[in-house]
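Below is one structure, written out as C-alpha cells; the observations come after it.
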Protein chains: 4
Amino acid sequence: MPRKPALSAEPSERSDLPEPAGTPAPPASHQRRKAERPSELLDAALQLFVEKGFAATKTEDIARLAGVSKGTLYLYYTSKEDLLREVISQRVSTRIAEGMARAAAHQGSATELMRTLLVDWWMQTLESDASGVFKLVVSEVRNFPEIAELWFNEISQPGSQLIGGMVQRGIDSGEFRQVDVLSVVYSIVMPLVMLCVHRHSLGACECPGMGLDPQTFIRAHIDLVLRGISTHPEP
Amino acid sequence: MPRKPALSAEPSERSDLPEPAGTPAPPASHQRRKAERPSELLDAALQLFVEKGFAATKTEDIARLAGVSKGTLYLYYTSKEDLLREVISQRVSTRIAEGMARAAAHQGSATELMRTLLVDWWMQTLESDASGVFKLVVSEVRNFPEIAELWFNEISQPGSQLIGGMVQRGIDSGEFRQVDVLSVVYSIVMPLVMLCVHRHSLGACECPGMGLDPQTFIRAHIDLVLRGISTHPEP
Amino acid sequence: MPRKPALSAEPSERSDLPEPAGTPAPPASHQRRKAERPSELLDAALQLFVEKGFAATKTEDIARLAGVSKGTLYLYYTSKEDLLREVISQRVSTRIAEGMARAAAHQGSATELMRTLLVDWWMQTLESDASGVFKLVVSEVRNFPEIAELWFNEISQPGSQLIGGMVQRGIDSGEFRQVDVLSVVYSIVMPLVMLCVHRHSLGACECPGMGLDPQTFIRAHIDLVLRGISTHPEP
Amino acid sequence: MPRKPALSAEPSERSDLPEPAGTPAPPASHQRRKAERPSELLDAALQLFVEKGFAATKTEDIARLAGVSKGTLYLYYTSKEDLLREVISQRVSTRIAEGMARAAAHQGSATELMRTLLVDWWMQTLESDASGVFKLVVSEVRNFPEIAELWFNEISQPGSQLIGGMVQRGIDSGEFRQVDVLSVVYSIVMPLVMLCVHRHSLGACECPGMGLDPQTFIRAHIDLVLRGISTHPEP
DNA sequence: AATGAATGAGAATTCATTCAT
DNA sequence: TATGAATGAATTCTCATTCAT
C-alpha cells in the first residue's frame, strides 16, 4: 500500500521550472509524479505535524499542501499514523549516517573533530526540515509507543555512539579528562536538541527570541563543553 | 446563555454567603470540594495535556480524572482552551517568585548561590507537576499565540532576569569572566528545560533512558558551566 | 517520456495490421481474451455480489478477480449498477429456456415429467453459479426496482408458466386433483428457491448445516408435493 | 446550537399539549427517552437494514428515523455493526420462546397442534417486524460470521427443536409415518422462511406478487405436509 | 483497448459544548 | 450547582468513476 518512498530527501527536488532546452524531456508527468508523491507528502506532513502537532493536523491539509487531493494521500500511506512513522524515520537517519562517515574519515585531534563536526552537523540539521523531527518526537512519543522505538533504534542510539566515540577518542589520546562519556554526550546533545525543538516552538513565535544567533550559540556551547572536559583548558 | 466567565482558580471563590464574622468556620466538606474543584480540574488538565497533548485530550477525560462530570467543567472554565491558558499561567509563576525571593536573600558568593539555588530549584521543579508545563508549552505554542505571550511575560522573562542577575553578580564580583550574560543564561537553562521536557516525553517511555539520574546531571551541568565561566577554574 | 503503457500479460497485444484476406485466422489468443472479457467480468461480479452483496462489493475486486484493471471494467459496462443488471438477466434466462424445451419434448405422464425434470433442473441450477442469482435478487430488489422488472419478466413469469403448465397437464390427465395451480407452483418452487438462497447464505457458513444433502431434499420435496396433489397417492 | 425537537415517529409523542389535568405526569421526559431510545433505534435499524441491506444503510438515516441525531446513536451502540448484532438477536428470540411455551402447553393431537401452532406462529411472525430478520440474516451472514453463530444458537437450533419435537410427538403417537424428522422440519420451515424473506424482497415490490394471500398459503402448505406424513391422509 | 493514478463526494465515527432536569 | 443526554460540525478514510498515458 504505502509506496516505499524511494527517493532522497535531497534538494533539487521537483523542478516545475522549465528545463534547459536540449535537455531530454522529463519523464512522463504521470510517472514522474508517482515517483515524487511520497516525498512531497512526507514534506507536507512533516511541516504540518511539526507546526500543529499530529492530532491537530488534518489529512486534507497535508494533501493540499502536497498539491494532491485527499484520496491520493491514501494511495501512498495507509493512514495518518503511517505517515507519522515514515516522517520520523526518513528524515534523520540519513543525516546520522553522514555524520558517522565524516567522523570516521577525520584525521586530526578529537578536539578539532568535535569542534568542526558538531558545529557543522548541528547547524545543517537546525536549518533543514530535519530539525522539526525533534520537536515532533518530543511532542508525540507518549501517544505512539512505536515512535519511541524508532527514536531509540534509528536516532538516539547511533547518535550517542557517534558522539560518544569522539569523546572516547579524546580521552584515549589524553586530550580529555577521564569523564563519564555518556554524561558528556548528554551535556553536549541536550542543548542542541533543545535548540531544534525551540526553533519549532517558542522560536517560531513573534516574541523576543533568545537574543543570540544559533551559530554563535552552538559554537559557544561546544567550546564550553570542550573547555570543561579538556586536560589543557585554554585560559 | 452567557457562560460563567471562567473564574480564577482561587479559593473562597464567590461565596455569596456571608462568612460568620471572625469565625474561621472550617469549610463544610462539600464546601471544601467546591472550593477545590478548579484546582482539581487544573491538575487533571495539566496531567492529560502534558501526556497526550491538547488536541488529543478529551474534556470528558479531564472531568473524569477530576472526579466531576463533563458539564461541571464548564461551570468553571469556559472552554478547553481556557483551561489550557490557566494551566500554563498558574503552575510556574509561583515557583519563579520563590526562586527570586531566595536569590535576594542570599549572602555568599555568586558561585555558591548558583550552585545551590539552581540545583535545588530545578530538582524541585523537575519533580513537581510544573515540569510538565515546559513540555506543554513547547508542544502547543504554535497553535496558540496567546501561550507565547504568557510564556514570555510570566516565565521566560522573569526567569532570565533571575538567573542573569546571578551571573552578573558573579561578573561584578570578579568570580566570572566577562561573558555574554544572556548567552550563559541560555546555556544554563536550555539543558534544564530540556530535562523537564524529556521527563514528559522520551523519558516517560519504557526505553533505555539516558542512563544517569537527574540530580547528578543537573549538578554536573551547573559545575560544567561554572567552570566554563569562572575566572579561577578548579583544576 | 511516455511510458510503454504497461501492457497486459498478453504478448503481441493489439495488432493494427490487416489480417491476411481469406484466411479464417483462428482468433489470436488475445482476441479470444478480448471476446471473453465481458463474460469473465460477469462471472467475477456475480460471485462477489452474491457473496458480499452489491454495496459491499468493490469494483476493483471484480476487476481483479476477472484479471483486468479497474479502468477496463468501464470499457465494457457503464457502471457497477449496469453490471448488476447484466449479471441478473444473463445467468438464469438460458436455463429457463432449456427447461421449457425439455418439458415440451416430454411424452410420458405429468407425474413422471415433474419428478425427473424438476429434480434435474434444480439440481443443476443449485450447483451452477446461477443459483447465486436467487440470493442476489432477494437481497437487492428493494434497492433497485429495475431488478424487480427483470425478475418478473425474465424469470418468475416464464418459470411459473413452465411449472404451472406441468401441473395443469396432470390435472387435465386426471393424475392430480383439482388444486389451485398457482398455489401448487409456489409450494413447489419456494423451497427450491430457498435452497438456492440458503446455499449462498447460511449454507456457506462453517456451521452445522441442515443435515441432509440437497438431492435427497429435492427428491423428497417433489415427492411430498406430488403425493399431496395426486389423485392416487401411493401409500 | 439548535436542539433537535426530538419528535419520534410515534404519535402522541411530545405533548407540548397540556396534559389532562389530574393525570399523573409521565416520567421525566429526559429519563423516559433514555429508556426507550435503544428500542427505537433498534426498530429503525431493523427497518432500514431489511429494506436496503446493511452496507447501503446510512447510520444517519437510522438516527433520523429514530428521531435522534447521528451522535446519539453512538451513545447506545458502539458501531453500526453492533446495531446489526443486536437487531438480530433481539427480535426473534422472544418469539421462539413463546412458541415453545405454547407447544408445551398443548394437550391434543400432534396434527392438531401443528396445524394451529404453526399457522398462528408464522402468521404473526410474518406480519411482525421480526419477519425482516430472516431476510437480513440471509443477506448478511456471509459478511459477518458472527451472525451465523447468533443464528444457529438463538434461532435455528431452538426452532428446529420446537418443530422437530412436534413431529416426533406425532410419530410416537402413530399419527405420522416413520419419516426422517429433520428432513420434514426443513420441508416445513423452508417455504415459511422463504415467505418471510419474500415479503421483504420481491414481495415488497409493486410487481404482480405471488397471487395468493399468505394465510392461505401457510394453511395449504401445512396441510400439504401433514397429508404427506400422515398415516391416515384424508382424501 | 488497457492501465492505474487521481479525484472528491460520501459515510462512519468522535467530541466540544449545550441545556433540561 | 451538578449532571449527563443530546447535538452536529468536523475529521478520517473509502471507493466509484474518470482520464492522461
Side-chain angles (χ1 to χ4, degrees), chain A residues 3 28-31 33-34 37 55-63 67-81, chain B residues 1 3-4 14 30 33-34 37 55-63 68-76 78-81 83, chain C residues 1-10 13-14 16 30 33-34 37 55-63 68-81 83, chain D residues 1-4 6 28-31 33-34 37 55-63 67-81:
Chain A
R3 192 64 0 127
S29 99
H30 223 39
Q31 295 300 324
R33 297 316 304 256
K34 179 167 164 53
R37 283 281 140 78
T57 297
K58 290 174 254 183
T59 52
E60 188 162 9
D61 288 345
I62 297 174
V68 298
S69 74
K70 241 181 329 171
T72 300
L73 189 156
Y74 291 89
L75 254 28
Y76 296 93
Y77 299 93
T78 57
S79 67
K80 198 181 164 187
E81 204 175 327
Chain B
M1 218 90 356
R3 186 79 347 193
K4 201 58 238 304
R14 187 335 198 3
H30 80 97
R33 296 296 308 223
K34 221 182 288 188
R37 283 281 148 77
T57 296
K58 293 175 240 180
T59 52
E60 186 163 13
D61 288 344
I62 297 174
V68 299
S69 74
K70 245 183 321 177
T72 301
L73 190 155
Y74 286 87
L75 295 173
Y76 296 96
T78 58
S79 68
K80 199 180 162 188
E81 202 174 329
L83 210 36
Chain C
M1 207 100 357
R3 186 65 8 127
K4 230 333 187 53
L7 10 98
S8 82
E10 298 326 304
E13 181 78 308
R14 145 87 139 308
D16 291 329
H30 78 97
R33 296 295 307 223
K34 220 182 288 187
R37 283 280 148 76
T57 296
K58 293 176 240 178
T59 52
E60 187 163 11
D61 288 345
I62 297 174
V68 299
S69 75
K70 246 184 321 177
T72 302
L73 190 155
Y74 287 86
L75 295 173
Y76 295 95
Y77 300 93
T78 61
S79 69
K80 198 180 164 188
E81 202 175 328
L83 211 37
Chain D
M1 219 100 342
R3 185 74 355 161
K4 223 319 145 88
S29 99
H30 224 40
Q31 295 301 323
R33 296 314 305 255
K34 180 169 164 48
R37 284 281 141 81
T57 297
K58 289 175 255 184
T59 52
E60 188 163 8
D61 288 345
I62 297 174
V68 298
S69 74
K70 243 180 328 173
T72 300
L73 190 155
Y74 290 88
L75 255 28
Y76 296 93
Y77 298 93
T78 58
S79 67
K80 199 180 163 188
E81 204 175 327

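Letters A, B, ... mirror the listed sequences (proteins, then strands); counts begin at 1.
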Spacing of [X] atom [atom1] and [Y] atom [atom2] [to the nearest 0.5 Å]:
X: B:Lys80; Y: B:Lys58; atom1: NZ; atom2: NZ; answer: 10.0 Å
X: D:Asp61; Y: D:Lys70; atom1: CG; atom2: NZ; answer: 11.0 Å
X: B:Leu83; Y: B:Leu73; atom1: CG; atom2: CG; answer: 5.5 Å

Minimum-distance nucleotide to [X] side chain [options: [options]]:
X: D:Tyr76; options: E:dG10, F:dA9, F:dA5; value: F:dA5
X: A:Lys58; options: E:dA1, F:dT12, F:dA2; value: F:dT12
X: A:Ser79; options: F:dT3, E:dT13, F:dC13; value: F:dC13

What's the [atom1]-[atom2] distance between [X] and [N], to the nearest Å?
X: A:Glu81; N: F:dT11; atom1: CD; atom2: P; result: 18 Å
X: C:Tyr74; N: E:dA1; atom1: OH; atom2: C1'; result: 17 Å
X: C:Tyr77; N: F:dT17; atom1: OH; atom2: P; result: 15 Å
X: D:Ile62; N: E:dA12; atom1: CD1; atom2: P; result: 8 Å
X: B:Leu73; N: E:dA16; atom1: CG; atom2: P; result: 10 Å
X: B:Asp61; N: E:dA16; atom1: CG; atom2: P; result: 9 Å
X: C:Glu60; N: F:dT18; atom1: CD; atom2: P; result: 16 Å

Review point. Checking all strands, does A:Lys80 fall into the base, sugar-phosphate, or nothing category for heavy-atom contacts under 4.0 angstrom?
Key: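 Sugar-phosphate contact only.
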Review point. Base, sugar-phosphate alone, or nothing: which one does D:Thr57 contact when heavy atoms must sit under 4.0 Å apart?
Key: sugar-phosphate
Review point. With sequence neighbours excluded, what pairs up with B:Ser69 under the side chain to side chain contact (heavy atoms under 4.5 Å, CB included) test?
Key: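 In terms of side chain to side chain contact (heavy atoms under 4.5 Å, CB included), with neighbours along the sequence ignored, B:Ser69 is linked to B:Thr72.
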Practice item. Please identify each residue that fulfils side chain to side chain contact (heavy atoms under 4.5 Å, CB included) with B:Thr57, with sequence neighbours left out. Key: B:Leu48, B:Phe49, B:Lys52, B:Ile62
Practice item. Ignoring backbone atoms, test whether B:Thr59 places a side-chain nitrogen or oxygen under 4.0 Å from the OP1 or OP2 oxygen of E:dC15. Key: no
Practice item. Answer yes or no: does a side-chain N or O of B:Ser69 lie under 4.0 Å from OP1 or OP2 of F:dA2? Key: no
**Study point:** 5' priority, DNA chain E, between A:Lys70 and C:Leu75 [closest heavy atom]
**Key:** C:Leu75
**Study point:** First of D:Thr72 and C:Ala56 reached from the 5' end of DNA chain F, by closest nucleotide
**Key:**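 Going by which nucleotide is closer to the 5' end, it is D:Thr72.
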Point to revise | side chain to side chain contact (heavy atoms under 4.5 Å, CB included) evaluation trace for D:Thr59 with D:Tyr74 | key: CA-CA 10 Å; D:Thr59 52; D:Tyr74 290 88; 3.6 Å; yes
Practice item. Note every stem involving DNA chain E: at least three consecutive Watson-Crick or G-U wobble pairs, i with j then i+1 with j-1, with both distances under 3.5 Å. Key: E:2-21 with F:2-21
